[in-house]
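Report on one structure; see the data block that follows.
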Amino acid sequence: MNGTDPLPRLENRVVVLIGGGSGIGFEVARRVIALGGSVALGGRTASRLEAAFALLGEQARWQTVDTADPASIEAFFASVPVVDGIFTTAAEYVVGPMRELDATDAASPFESKFWGQYRVVRAALDRLSPDASIVLMSGAASVRPPAAAPAYVAANAAIEGLARGLAVELAPVRVNAVSPGTIDGNLWANRDEAARTASFAQFSADTVLGRPGREDEVADAVIHLLTNRYTTGSTLYVDGGYALR
Ligand SMILES: NC(=O)c1ccc[n+]([C@@H]2O[C@H](COP(=O)([O-])OP(=O)(O)OC[C@H]3O[C@@H](n4cnc5c(N)ncnc54)[C@H](OP(=O)(O)O)[C@@H]3O)[C@@H](O)[C@H]2O)c1
């Protein structure tokens with residue numbers, strides 16, 4: 001990319017997508033490749049990554065990695081010498097009220113979603129190109145808490161704070177967060193149907209645009225943050241106006 005490109009392009013850029021074998025990360029992978037870049041996909045399940053590779057083609061490569069395991073993250077980056085973009089959707093956590101969660105479950109959004117992303121960025125530091133762009137995955141619960149999920153709310157707020165802090169430390173590398181509302185996609189498709197239906201109805205009622213979002217709508221916002229050259233330290237809410245209500 002250079003300062004005079006009329007449209008966002010990602011020609012010859014390498015974007016690391018840990019969690020990119022499914023959901024929002026996969027939609028970002030499709031867009032990066034369509035814009036001329038390539039993707040390094042990570043996740044824990046080889047068959048999922050292989051299936052994504054089969055759909056994405058030769059501009060994709062993949063390697064298993066577990067963001068809970070620093071050694072596995074180091075091994076992942078050993079085969080990615082230059083990193084132009086990072087977006088990590090990898091996370092596994094329990095959401096619930098303080099009164100009901102044990103200490104391990106309560107800490108899980110921090111351990112998996114916050115520290116997982118922190119570890120990925122830390123491992124990539126020496127490989128970042130000077131105009132790299134990092135997008136952290138947050139969630140609009142950060143600013144508008146849903147019913148009784150305080151540790152999850154706080155973990156997302158911490159991720160948005162991490163984006164601001166890293167934007168200062170890593171400049172001219174840009175660091176932003178994307179913060180989706182409830183998205184009708186792979187994550188919720190794998191959850192209990194009754195909980196999904198209730199959550200979508202509640203979210204639709206609580207949201208200015210009256211419906212859950214889609215994975216492609218979040219992916220479009222991630223591409224914006226990967227390519228815009230003058231946005232750093234920001235959080236972009238892709239939440240249908242959830243935070244306004
Ligand atoms: N969908 C929503 O409604 C929504 C809303 C707000 C925020 N978010 C955030 O979006 C992220 C989830 O993305 P998604 O919605 O696209 O869901 P998804 O399709 O379930 O994507 C998660 C991906 O991460 C991988 N993964 C999970 N744990 C991992 C680990 N420890 N190491 C490496 N890879 C791991 C999974 O593959 P393997 O299991 O094979 O590793 C999977 O491919 C979460 O951070 C979530 O909080 C989602």
Side-chain angles (χ1 to χ4, degrees), residues 16-30 39-53 55-56 60 62-77 86-95 108-120 123 135-146 149 151-160 162-163 177-191 195-196 199-200 202-204 207 211-219 221-222 235-240 242-243:
V16 167
L17 299 169
I18 300 185
S22 65
I24 297 163
F26 179 76
E27 284 299 319
V28 173
R30 285 172 11 120
V39 297
L41 304 179
R44 295 167 300 180
T45 313
S47 57
R48 191 198 292 276
L49 297 168
E50 247 168 11
F53 170 75
L55 293 168
L56 294 169
W62 64 269
Q63 189 175 327
T64 54
V65 58
D66 185 347
T67 60
D69 175 7
S72 123
I73 301 173
E74 291 292 338
F76 178 90
F77 279 109
I86 301 178
F87 178 55
T88 301
T89 47
E92 197 169 55
Y93 47 77
V94 179
V95 176
S108 64
F110 277 95
E111 173 48 37
S112 181
K113 189 169 174 175
F114 177 88
W115 287 110
Q117 295 192 79
Y118 185 103
R119 284 188 282 265
V120 168
V135 182
L136 302 180
M137 175 54 103
S138 181
S142 61
V143 285
R144 184 162 184 230
Y152 180 68
V153 167
N156 285 299
I159 289 163
E160 293 169 18
L162 181 64
V178 66
S179 199
T182 294
I183 302 303
D184 185 358
N186 184 60
L187 184 87
W188 279 96
N190 289 313
R191 288 182 178 165
R196 180 171 66 245
S199 179
F200 283 10
Q202 183 67 55
F203 187 79
S204 299
T207 302
R211 63 169 175 85
R214 300 192 314 260
E215 290 168 339
D216 62 289
E217 292 168 331
V218 182
V222 173
T235 297
L236 181 50
Y237 296 95
V238 186
D239 68 350
Y242 177 67

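Note that ligands are numbered from 1 as they come in the structure, with each ligand's atoms numbered from 1 the same way.
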Subject >> Option whose closest heavy atom lies nearest to atom 42 (C) of ligand 1, chosen from Gly43, Gly20, Ser22 >> reply: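 Nearest heavy atom to atom 42 (C) of ligand 1 lies in Ser22.
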Original post:
Which option, Arg44, Arg48, Glu92, owns the non-hydrogen atom nearest atom 37 (O) of ligand 1?
Top reply: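 It is Arg48 that holds the nearest heavy atom.
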Judged by atom type as modelled, is there a donor-acceptor pair below 3.5 Å linking the side chain of [X] to the main-chain atoms of [Y]?
X	Y	result
Asp184	Pro212	no
Arg119	Thr67	yes
Ser142	Ala157	no
Thr207	Phe203	yes

**OP:** Report yes if some N/O of Gly21 lies less than 3.5 Å from some N/O of ligand 1; otherwise report no.
**Re:**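 No, since none of the N or O atoms of Gly21 sits under 3.5 Å from an N or O of ligand 1.
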Subject >> Within-cut-off N or O pair, Gly42 and ligand 1, under 3.5 Å >> reply: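 No; the residue has no nitrogen or oxygen that sits under 3.5 Å from a nitrogen or oxygen of the ligand.
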Among all protein heavy atoms, pick out the one at the shortest distance from [atom]; state its residue, atom name and that distance to 0.1 Å.
atom	result
atom 35 (C) of ligand 1	Ala90 CB, 3.3 Å
atom 46 (C) of ligand 1	Tyr93 OH, 3.2 Å
atom 10 (O) of ligand 1	Met137 CE, 3.4 Å
atom 32 (N) of ligand 1	Thr67 N, 3.0 Å
atom 48 (C) of ligand 1	Leu187 CD2, 3.9 Å
atom 40 (O) of ligand 1	Thr45 OG1, 2.5 Å
atom 13 (O) of ligand 1	Thr89 CB, 3.6 Å
atom 45 (O) of ligand 1	Lys113 CE, 3.3 Å

Does ligand 1 have any atom that is closer than 4.0 Å to a heavy atom of [X]?
X	answer
Tyr152	yes
Pro180	yes
Ser138	yes
Gly181	yes

A side-chain contact here means heavy atoms from C-beta on lying under 4.5 Å apart; do [X] and [Y] qualify?
X	Y	value
Leu49	Thr45	no
Phe26	Leu56	yes
Phe77	Val16	yes
Ser108	Val95	no

Which atoms from ligand 1 have a heavy atom of [X] less than 4.0 Å away?
X	answer
Val65	32 (N), 33 (C)
Ala91	27 (C), 28 (N), 45 (O)
Gly23	16 (O), 19 (O)
Trp188	3 (O)
Asn186	18 (P), 19 (O), 20 (O)

Original post:
Is it true that Glu215 and Arg30 make a salt bridge, defined as a side-chain N closer than 4.0 Å to a carboxylate O?
Top reply: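 Arg30 and Glu215: not salt-bridged.
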With a heavy-atom distance limit of 4.0 Å, tell me whether [X] approaches ligand 1 through its side chain, its backbone, both, or neither.
X	answer
Asn156	neither
Phe26	neither
Phe114	neither

Original post:
Do you see a donor-acceptor pair shorter than 3.5 Å between the side chains of Gln117 and Thr88?
Top reply: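 Side chains of Gln117 and Thr88: no pair found under 3.5 Å.
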**OP:** Return yes when atom OH of Tyr118 has more than 12 non-hydrogen atoms of other residues, nucleotides or ligands closer than 6.0 Å, and no otherwise.
**Re:**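 For Tyr118, atom OH is not crowded (no more than 12 foreign heavy atoms under 6.0 Å).
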